[in-house]
**Q** 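Questions regarding the structure given below will be posed in turn.
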Amino acid sequence: MKECAIDMTSYKEFASTREEQNRLLLENADRTVKRIISADSSAYGAGALDCSTKELLGLVASLSLRCDDCISYHLGRCASHGIGTDKIMEAMGIACLVGGTITVPHLRRAVGTWLEILQGRSGVPLEPALPVIGPEDPGIGYDPEKRLQAVCDLLHESVPRFDWVGFYLVDPASEGILRLGPFAGKPTEHVRIAFGRGICGQAASAGTTITVDDVSLEPGYLSCSSSVRSEIVVPVFHQGRLAGELDIDSDTPAAFSAEDRKFLEHIAEVCSGAVAQAASMAPGGIDEKHV
Ligand code: SME
């Protein structure tokens, strides 16, 4: 999805106004209203249908009944469940089919709201303009380490949930070893990781992104800091070969959604040349302590 030129504060305003008005409603409402509202909350909990499916049902019902407040609310809930844009768009298709073309103005607003939510959540545009990656930035030039450092700093500063952002580079001098490259956040003792070890090593062996919602439940997890709750590791490929990884730790549980994964995989793709160059410059030798 492309960038959104809509006022980015409107969804946030909606969400905070809704919360405040809900509080006033619950303070003043009679028993019937209170019971209906509490039934509404419990109805969306997991049962035979999981929470994500229920939110999508809520979204379709709200769209076909043309309630913009309910639509925005369910879009926000869908985003917290990590539902991807593809599913939201299919749900909108059903709503339009059922509700008819009179729902189209609501679909238009819903798409705008969805983009706002995604961009607000990531804190960076989904189609990132990361000039720091390109050689055109005179301050950074062609130095691949500097360019990767700039990417780490940008992600770390822009997204509060990204508490540690770093690259691991495949060491050409030591087979099956990842070496710590540029990073932003606290220093880590895991400066060399063997393929297969920890989340990083597993992602390298599998060659696929690994998202861990709760690191305490992950066997083999290599802890960098006791405050970390969740992690995502995105392999970076260059010319079909693994060149390194983008690793992000968060102190927030389940911090990484399906949209974050898509976004970070895009970043990994854009950075692949710099990662390969930086990896080829990696010094050899294994520090056994950290392998
Ligand atoms: N947690 C990682 C180690 C790297 S740190 O997160 C920076 C792992 O289990 O591989």
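Start at 1 and go down the list; that is how both ligands and their atoms are numbered.
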**Q** Between Trp164 and Phe183, what is the ring plane arrangement, given parallel below 30°, perpendicular above 60°, and tilted in between?
**A** parallel
**Q** Report yes if some N/O of Ile193 lies less than 3.5 Å from some N/O of ligand 1; otherwise report no.
**A** no
**Q** In ligand 1, which numbered atoms sit nearer than 4.0 Å to a non-hydrogen atom of Cys200?
**A**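 Result: 2 (C), 4 (C), 8 (C), 10 (O).
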**Q** Between Val233 and ligand 1, find which residue part has any heavy-atom pair under 4.0 Å and reply side chain, backbone, both or neither.
**A** neither
**Q** For Asp247, take its heavy atoms, then give the atoms of ligand 1 lying under 4.0 Å from any of them.
**A**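 Selected atoms, number and element: 4 (C), 5 (S), 6 (O), 7 (C).
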**Q** Over all heavy atoms of both residues, which pair between Ser64 and Thr103 is shortest? Give the atoms and the distance, please.
**A**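 In this case the closest contact between Ser64 and Thr103 is CA-CG2, 4.1 Å.
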**Q** Got an N/O contact under 3.5 Å between Asp249 and ligand 1?
**A**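 Looking only at distances, the answer is yes, because the N/O contact criterion of under 3.5 Å is met.
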**Q** Considering the heavy atoms of Tyr221, write down every atom of ligand 1 situated less than 4.0 Å from one of them.
**A**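 So the atoms of ligand 1 that pass are 1 (N), 9 (O).
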**Q** With respect to Ile199, determine whether any N or O atom, backbone or side chain, lies less than 3.5 Å from an N or O atom of ligand 1.
**A**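 Among all N and O atoms of Ile199, at least one is under 3.5 Å from an N or O of ligand 1.
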**Q** Are there over 12 heavy-atom neighbours, none belonging to Ile102, within less than 6.0 Å of that residue's CD1?
**A** no
**Q** Hey, does the Lys NZ or Arg CZ of Arg18 hover above the aromatic six-ring of Tyr73, less than 6.0 Å from the centre and inside 45° of the axis?
**A**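 Because its charged atom sits under 6.0 Å from the ring centre and within 45° of the axis, Arg18 does stack over Tyr73.
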**Q** Could an N or O of ligand 1 be found under 3.5 Å from any N or O of Glu231, whether backbone or side chain?
**A** yes
**Q** To the nearest 0.1 Å, how far is atom 1 (N) of ligand 1 from its closest protein heavy atom, and which atom is that?
**A**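 Nearest neighbour among protein heavy atoms for atom 1 (N) of ligand 1, to 0.1 Å: Leu222 O, 2.7 Å.
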**Q** What do we get for Glu218 next to ligand 1 when only non-hydrogen atoms under 4.0 Å count, side chain, backbone, both or neither?
**A** neither
**Q** Is it true that Phe183 lies under 4.0 Å from ligand 1, counting heavy atoms only?
**A**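 No heavy atom of Phe183 comes that close to ligand 1.
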**Q** Are more than 12 heavy atoms, taken from residues, nucleotides or ligands other than Lys54, located less than 6.0 Å from that residue's NZ atom?
**A**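 Result for NZ/Lys54: enclosed.
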**Q** Contact between Cys78 and Ile88 at the side-chain level, heavy atoms closer than 4.5 Å - yes or no?
**A** yes
**Q** More than 12 non-hydrogen atoms from neighbouring residues, nucleotides or ligands closer than 6.0 Å to CZ on Arg31, yes or no?
**A**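 Atom CZ in Arg31 is not crowded, with 12 or fewer foreign heavy atoms closer than 6.0 Å.
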**Q** I'd like to know whether CD of Glu20 has more than 12 heavy-atom contacts from other residues, nucleotides or ligands below 6.0 angstrom.
**A**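 More than 12 within 6.0 Å, yes.
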**Q** Return yes or no for this condition: an N or O of Cys224 is under 3.5 Å from an N or O of ligand 1.
**A** no
